[in-house]
Amino acid sequence: MGVINVLSKQVAELIAAGEVIERPGSVIKELVENAIDAGAKSITVEIQNGGVTFMRVTDDGIGIEREDVRNAFLRHATSKILKEDDLDSIATLGFRGEALASICAVSRVDILTKNVNEDEGTRYIIEGGEEKAFEPVGCPQGTTFVVRDLFYNVPARMKFLKKDVAESNNIASLMDRIALSHPEVSFTFIRDGKSMLKTSGNGDLYTAILQVFGKQFAVGLIETSYEYQGVKMHGYVSKPVSANRASRNMQVFFVNGRYVKTKTAMAALEQAYSGCIMSGKFPACVMNIEIDCSSLDVNVHPAKLEIRFTNEKPIYNCVYYGVKSAVMGYDTRNETAFESEPETQPVIKPAFIKPSLTGVQMNIPQQEEKEEYNIFEPETSGFSVFAEKEEKAEFPKAENIRTINLAEELKKSEPKETDFKVEEESSIDFFANIEEKEPEKEAEPEREPEAEKPVNYIGEAFRAYIIIEYDKDRLMFIDKHAAHERLIYEQLKRDNPSTSPQMLLEPITVTLDKEEYSTVLENKEAFMQAGFDIDDFGSGRIIIRSAPLLLEKLDITEAFMEISEYLQRHKKVILSEKMEWIYQNTACRAAIKAGNINKPEELIQLAVTLERNPDIKYCPHGRPVYFFMSRHEIEKNFKRI
């Protein structure tokens with residue numbers, strides 16, 4: 001007996017439907033794209049319960065003629081292509097003729113449609129692929145689809161759907177991209193009775209960006225337009241100062257009005273920002289690429305998210321040169337504000353390390369953001385607008401560095417005893433948060449001999465490594481960033497940052513991709529424990545009202561986006577592991593950086609604190625905090641032995 005069976009029509013349709021309809025967002029995508037192909041100027045999408053129980057898509061397109069209504073729900077029935085050669089020049093969003101057949105196979109569908117050339121409309125009801133009603137009805141021109149009870153007859157698929165919030169945000173993200181791809185169409189998105197999106201449809205892309213992502217995101221964009229060997233591109237890219245996102249989620253590309261994921265354009269975009277943004281950060285963009293339909297293949301992905309180009313080089317060059325010219329033409333010098341009187345000393349922010357049983361308070365100054373980060377390289381801009389300030393902040397010369405006994409410095413850690421002072425206009429004291437009484441454990445007999453060991457401060461190498469004469473036979477080299485990072489990390493683990501966050505005088509609004517936005521709302525507890533007080537501002541925007549005390553304002557947004565991106569990629573990670581990563585990220589951002597200019601007193605204090613925490617040997621990422629070099633090894637290199 002043969003083992004190969006021909007599946008029944010019902011089973012075959014369910015299998016085929018599974019390739020096209022994966023979740024409620026798949027239904028919305030297919031119906032909205034059909035509405036755009038039908039010439040609609042206004043499209044309204046309404047969902048309930050994440051689209052699982054109810055979806056409605058209404059458009060004012062040309063409508064479907066009555067004699068074509070039944071045929072539209074047959075598999076491979078389409079008006080977009082007729083013969084084989086038509087596949088080489090597809091200009092419409094839909095063309096396979098599978099969408100409606102797949103939708104009706106796994107749901108209950110009710111359609112109202114009226115063609116522009118007919119006097120009355122048609123109502124057609126079909127459930128699970130079976131016709132239930134077909135009758136004339138009065139309705140306006142256009143088409144309305146109502147889809148209920150998705151996967152009601154496929155329980156195996158139903159149980160793999162995500163929560164209603166996640167499915168709703170997936171549809172919201174889809175609507176954002178479609179609205180941006182066709183700014184000439186007015187889109188309305190209603191979620192559980194609440195209007196979430198409304199675009200004007202005036203044809204202006206910047207207006208659409210403003211209405212979709214909000215003003216906070218739109219003002220950080222610059223326009224770009226370019227043409228190269230028959231390829232045209234137009235859109236908006238983030239200003240170099242705003243190109244600091246932790247992921248590529250806000251890179252939106254369209255090819256001939258179709259949202260796609262193209263590695264070619266993505267690589268060209270990021271290469272154009274080379275030298276203008278920090279490593280590990282990504283620019284944002286909303287970009288439409290126009291190319292001859294015969295030069296690409298859109299029929300390579302079930303959801304049509306990927307395409308193939310016959311020649312990728314013109315695409316790459318067009319995007320690269322267009323973005324590069326826009327980025328280089330953006331002159332940040334016009335936004336530079338010069339002080340009337342030069343600063344004599346950078347303001348020092350308080351550190352978060354409090355007195356502990358084994359350590360002391362340590363305040364390490366941070367460079368201001370503008371000193372640490374220049375948009376253009378020197379050879380590009382021609383001069384550095386901060387050159388004068390950097391020259392004044394030079395590290396003290398070698399002859400001014402004195403040899404200091406570390407044990408003696410331990411006794412001088414009171415604020416009134418230190419030589420280090422902050423400029424009078426600053427209210428921040430280097431030792432401001434040090435308790436007058438040292439922790440009890442520091443008086444334990446077993447710790448006193450070690451604290452009294454004479455250790456002399458020699459200096460700093462490359463503005464990164466502290467050099468200590470640990471004893472008469474060894475030198476100790478300390479990575480100042482790694483050491484400070486680990487001390488902050490230990491403090492965060494010991495003291496919950498949520499108990500002492502800093503309230504922001506001006507709340508920060510962050511625009512996220514809808515999936516990241518959903519992830520943030522699902523992880524409010526983790527953000528609260530990390531010291532972030534956040535509120536939902538709607539439409540993919542989050543308001544940050546408080547943040548960890550250690551973070552400066554310029555770091556808050558970047559840290560928040562990095563955490564959001566991490567949580568999206570690690571949704572199944574337990575809360576304790578999430579908090580471990582968040583503490584590591586916060587500590588890394590708050591710690592002093594290699595290249596920062598620090599006074600000897602500050603570096604001595606760091607060495608003192610490190611000595612009082614002998615268990616600290618590695619930073620949170622596993623890099624060594626210090627190492628020793630013996631006198632024997634040095635003398636051997638000098639051929640003394």
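Please read these numbers as outputs of a predicted model, since none were measured by experiment.
- The 12-atom threshold is exceeded at NZ of K198, counting heavy atoms of other residues, nucleotides or ligands nearer than 6.0 Å.
- The ring-ring contact (aromatic ring centres under 6.0 Å, His included) test applied to F217 returns F213, not counting sequence neighbours.
- Formation of a donor-acceptor pair under 3.5 Å by the K163 side chain with backbone atoms of G50 is not found in this model.
- Not counting sequence neighbours, the partners of N49 by the side-chain hydrogen bond (donor to acceptor under 3.5 Å, both in side chains) test are T53.
- Going from atom NE2 of H481 over to atom CZ of R623 covers 5.5 Å, rounded to the nearest 0.5 Å.
- V32 and I43 make their closest contact through O-CD1, 4.2 Å (heavy atoms, listed as atom of the first residue, atom of the second, distance).
- Ring geometry for Y316 against Y320 counts as parallel: the plane angle stays under 30°, on a 0 to 90° scale with 60° as the upper cut.
- Taking all atoms of both residues into account, the shortest heavy-atom contact from V323 to T224 is N-OG1, 3.8 Å.
- The CG atom of L492 sits 9.5 Å away from atom OH of Y489, with the distance rounded to the nearest 0.5 Å.
- Looking at E515 and N169, their side chains never come closer than 4.5 Å, going by heavy atoms from C-beta outward.
- With hydrogens and angles left out, the side-chain atoms of S247 and E516 include a donor and acceptor closer than 3.5 Å.
- A heavy-atom distance below 4.5 Å is not found between the side chains of N288 and M233.
- With 3.5 Å as the limit, one finds a donor-acceptor pair spanning the side chains of H621 and E485.
- Between S564 and T519 the shortest side-chain heavy-atom distance does not fall below 4.5 Å.
- With respect to R191 and E167, no salt bridge is recorded, no charged nitrogen being found less than 4.0 Å from a carboxylate O.
- A 4.5 Å side-chain heavy-atom check between P24 and I47 finds every atom pair outside the cut-off.
- Looking at heavy atoms from C-beta onward, I21 lies in side-chain contact with L150 at the 4.5 angstrom threshold.
- Side chains of M528 and D533 form a contact here, defined as non-hydrogen atoms less than 4.5 Å apart.
- Considering all non-hydrogen atoms of both residues, H234 and S225 come closest at CD2-CB, 3.9 Å.
- Residues N249 and Q568 bring a donor and an acceptor atom of their side chains to less than 3.5 Å of each other.
- Remark: the backbone N or O of A272 is paired with a side-chain donor or acceptor of K324 at under 3.5 angstrom.
- Other residues, nucleotides and ligands contribute over 12 non-hydrogen atoms within 6.0 Å of the CD atom of E577.
- The neighbour count for Y618 OH, taken as heavy atoms of other residues, nucleotides or ligands under 6.0 Å away, does not exceed 12.
- I103 places a side-chain heavy atom less than 4.5 Å from the side chain of L31.
- No more than 12 heavy atoms of other residues, nucleotides or ligands lie within 6.0 Å of CZ in F537, so this atom counts as exposed by the packing criterion.
- Annotation: side chain of N585 is not in contact with side chain of Y566 (no heavy-atom distance under 4.5 Å).
- Here the closest non-hydrogen pair linking P507 and R545 is CG-NH1, 3.9 Å.
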Open item on the list: Is there a side-chain hydrogen bond (donor to acceptor under 3.5 Å, both in side chains) between T199 and Q211? Walk through the geometry before answering.
Closed with: CA-CA 6 Å; T199 63; Q211 294 167 340; 4.7 Å; no
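- The heavy-atom pair separating P314 from V231 by the smallest distance is CB-CG2, 3.9 Å.
- The minimum heavy-atom distance linking A482 with P624 is given by the pair CB-O, 4.1 Å.
- Counting non-hydrogen atoms of neighbouring residues, nucleotides and ligands closer than 6.0 angstrom, the CZ atom of F54 exceeds 12 such neighbours.
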